Enquirer: 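Just passing along the structure, written as structure tokens.
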Amino acid sequence: MPARSAVATRPARLRARLRRGWPLTLRGGGAVVLGVGAIVLAHAVNVAELVYVGVLLLATVVVAWISLWFVHRYGEVSRSFAPDVAAVGHESVVTVHVSARSGLPGTLARWTDALPEGIEGEATGVVAAGSAGRTRLAYRIRAVRRGIREIGPFGLVVTDPFGLTRRRLRVGGIESVTVTPAIVALPPLAEYPGEAGGSLHTATHQLGEGADNLIPRSYEPGDSMRRINWRASAHHDELMVRQEEQESTPEATVVLDRAATRWSADAALPGADPAFEVAVSAAVSASARLAREGYDVIVLDTEGMPLGAPVPAGDTVAVEQLGLDLATVVAGGADRLSLIPRFFSTTVAGPVVVITAHVSPADITALSPLVGHSALPILWAADTTADVFERARDAGWRVAPLTPDRDLADAWQLATDRGASRAGV
């Protein structure tokens with residue numbers, strides 16, 4: 001049956017190809033019919049003038065068709081995007097520059113720019129093609145799927161001044177536009193500025209000169225005498241020197257589970273799996289919020305590999321770069337969710353956001369040791385039962401479901417709100 005259907009579609013494809021390549025418009029086809037009819041009728045009724053009329057009509061159609069091939073010349077096509085990078089759910093303006101070397105006055109051309117799947121817009125219009133020079137066209141697109149999307153080629157259907165013939169042209173090549181994941185504005189961490197260690201409570205390390213916080217330590221050879229703390233020396237009965245503390249920015253970690261077994265097969269392509277797309281958007285959105293809270297943020301997968309450049313605290317440009325890095329991330333690799341606690345076994349981390357798909361009771365047991373090493377452990381999961389969420393909450397996780405039909409800001413609020421109702425999960 002599939003072979004028969006393939007054979008059956010060949011005539012349809014052939015007809016469509018012939019229609020695309022047919023050089024006559026409806027008016028031109030009518031002129032040809034009238035011309036041939038006039039010549040035939042001239043012999044039937046023995047009126048020589050009808051021959052001249054028929055030949056004139058046919059000659060006009062031929063000359064009009066030749067003009068499209070030997071008079072009109074179209075050169076390079078270039079595109080520019082504003083902004084240069086499109087984000088899911090946002091619009092961009094595409095400007096197309098088309099150079100026409102020559103043409104006939106009165107000639108019209110209908111243009112179209114081929115848009116790929118994942119990009120929406122009305123990339124078509126009519127432009128006067130009779131004058132030489134460079135023409136600028138513009139249209140709007142809306143990105144609906146993440147990934148690298150190719151726009152083009154640019155197509156023209158040129159019609160002669162009499163509207164008898166037309167010529168289809170493909171000008172220029174294909175240009176790529178990067179569609180980044182949607183960044184959702186998440187609510188601030190109102191209840192965790194001190195506990196989670198954000199910008200309001202920076203960590204300190206005894207690394208020599210730094211802030212104004214001074215603590216004494218024992219004198220060591222080479223220390224400047226000007227740094228001796230005489231009051232502390234008298235108290236400890238030995239020479240003590242001042243050691244300045246240096247403030248450092250706390251860190252937060254976002255872990256995106258890319259295991260192929262936890263997502264559908266569509267997640268192997270950017271923008272194809274709605275559940276995985278929400279997870280990617282959650283990763284960059286959480287990073288943006290934590291950076292705004294004053295954290296240095298790093299995004300990892302469950303194998304410990306960075307998925308993008310680190311985001312320094314308060315750096316909005318770095319957040320945009322992270323979006324670019326995550327524009328092409330896909331599901332793949334082994335299931336190593338249970339190994340995440342090993343990344344933090346020797347340290348006490350700030351907020352840790354784990355984003356995954358289905359979570360089982362065994363996964364909650366394996367992840368439980370991480371709770372004691374994070375100031376704010378957050379678990380976002382899709383396709384997970386309420387019982388598993390309850391077990392994760394009892395283990396100390398801040399949990400929320402992550403589904404395409406749920407607002408990401410509400411899920412973040414649910415996970416970070418200390419007083420959130422359990423019925424909300």
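Side chains are part of it too, since the values below use all heavy atoms of this structure and drop only hydrogens, waters and symmetry mates. Keep in mind that this is a model prediction, so the values were computed, not measured. In what follows, residues are counted from 1 in the order of the sequence shown.
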Enquirer: Have Thr165 and Asp160 got a donor and an acceptor in their side chains that come within less than 3.5 Å?
Expert: yes
Enquirer: Would you say the side-chain atoms of Thr180 pair up with the backbone N or O of Ala327, donor to acceptor, closer than 3.5 Å?
Expert: no
Enquirer: Backbone N or O of Leu189 within a donor-acceptor pair of the Glu293 side chain at under 3.5 Å?
Expert: yes
Enquirer: Looking at side-chain heavy atoms only, is the closest gap between Ile364 and Val359 below 4.5 Å?
Expert: yes
Enquirer: Between Glu91 and Arg142 (salt bridge meaning N to carboxylate O under 4.0 Å), is one present in this structure?
Expert: no
Enquirer: Would the number of heavy atoms belonging to other residues, nucleotides or ligands and lying under 6.0 Å from NE2 of His373 be above 12?
Expert: yes
Enquirer: Is the shortest heavy-atom distance from the side chain of Trp111 to the side chain of Val158 under 4.5 Å?
Expert: no
Enquirer: With a 4.5 Å limit on heavy-atom distance, are the side chains of Glu175 and Ile151 in contact?
Expert: no
Enquirer: Does Arg146 reach the main-chain N or O of Leu326 with its side chain, forming a donor-acceptor pair under 3.5 Å?
Expert: yes
Enquirer: I'd like to check Phe343 versus Thr253 (side-chain heavy atoms, cut-off strictly below 4.5 Å). Are they in contact?
Expert: no
Enquirer: Mind listing the closest non-hydrogen atom pair of Ala400 and Ala411 along with its distance?
Expert: CB-O, 3.3 Å
Enquirer: Give the minimum heavy-atom separation between Leu186 and Leu408, together with the two atoms involved.
Expert: CD2-O, 3.9 Å
Enquirer: With heavy-atom distances below 4.5 Å as the criterion, would you say the side chains of Leu24 and Leu164 are in contact?
Expert: no
Enquirer: Of all heavy-atom pairs between Leu322 and Gly308, which one has the smallest distance, and what is that distance?
Expert: CD1-CA, 4.1 Å
Enquirer: Where the side chain of Ser374 meets the backbone of Gly350, is there a donor-acceptor pair that is under 3.5 Å apart?
Expert: yes
Enquirer: For the backbone of Leu256 and the side chain of Asp301, can you confirm whether one donor and one acceptor N or O come within less than 3.5 Å of each other?
Expert: no
Enquirer: Any salt bridge linking Asp363 with Arg391? Criterion: basic side-chain nitrogen under 4.0 Å from a carboxylate oxygen.
Expert: no
Enquirer: I'd like to know if the side chain of Ser287 reaches the main chain of Ala283, judged simply by a donor and an acceptor atom lying under 3.5 Å from each other, with no hydrogens or angles considered.
Expert: yes
Enquirer: Would you indicate whether Glu303, at its atom CD, is surrounded by more than 12 heavy atoms from other residues, nucleotides or ligands within a distance under 6.0 Å?
Expert: yes
Enquirer: Please report the C-alpha distance between Glu320 and Leu324 in whole Å, then the side-chain angles of each, then the deciding distance to 0.1 Å, and finally whether the side-chain contact (heavy atoms from CB on, under 4.5 Å) criterion is met.
Expert: CA-CA 6 Å; Glu320 295 177 358; Leu324 280 173; over 6 Å; no
Enquirer: Answer yes or no: does atom CD of Glu117 have more than 12 heavy-atom neighbours from other residues, nucleotides or ligands under 6.0 Å?
Expert: no
Enquirer: Which heavy-atom pair separates Arg149 from Gly271 by the least distance, and what is that distance?
Expert: NH2-CA, 4.3 Å
Enquirer: Keeping Arg258 on the side-chain end and Asp335 on the backbone end, is there a donor-acceptor pair under 3.5 Å?
Expert: no
Enquirer: Looking only at side chains, do Thr385 and Asp387 share a donor and an acceptor under 3.5 Å apart?
Expert: no
Enquirer: Provide the closest heavy-atom pair for Trp397 versus Val354 in the form atom of the first, atom of the second, distance.
Expert: CH2-CG2, 3.9 Å
Enquirer: Of all heavy-atom pairs between Pro83 and Ser92, which one has the smallest distance, and what is that distance?
Expert: CD-OG, 3.6 Å
Enquirer: Do the non-hydrogen side-chain atoms of Pro341 and Leu367 ever get within less than 4.5 Å of each other?
Expert: yes
Enquirer: So, do Val61 and Val63 sit near enough that their side-chain heavy atoms are less than 4.5 Å apart?
Expert: no
Enquirer: Please confirm whether the backbone N or O of Ala357 pairs with a side-chain atom of Trp263, one donor and one acceptor, at under 3.5 Å?
Expert: no
Enquirer: Using atom types as modelled and distance alone, determine if a side-chain donor or acceptor of Ser281 lies under 3.5 Å from a backbone N or O of Glu277.
Expert: no
Enquirer: Would a distance-only check, ignoring hydrogens and angles, find a side-chain to backbone donor-acceptor pair under 3.5 Å from Asp113 to Thr124?
Expert: no
Enquirer: Would you check if Val179 and Val88 make a side-chain contact, meaning some heavy-atom pair closer than 4.5 Å?
Expert: yes
Enquirer: Under the criterion side-chain contact (heavy atoms from CB on, under 4.5 Å), I'd like the reasoning laid out for Asp257 against Arg262: C-alpha separation, chi angles, the key distance, then a yes or no.
Expert: CA-CA 8 Å; Asp257 187 1; Arg262 292 185 181 268; 2.8 Å; yes
Enquirer: Check Thr95, Leu115, Val93 against Tyr139 for a side chain to side chain contact (heavy atoms under 4.5 Å, CB included) and give me the one that passes.
Expert: Leu115
Enquirer: Run through Val388, Val399, Leu379 and flag the one making a side chain to side chain contact (heavy atoms under 4.5 Å, CB included) with Arg393.
Expert: Val399
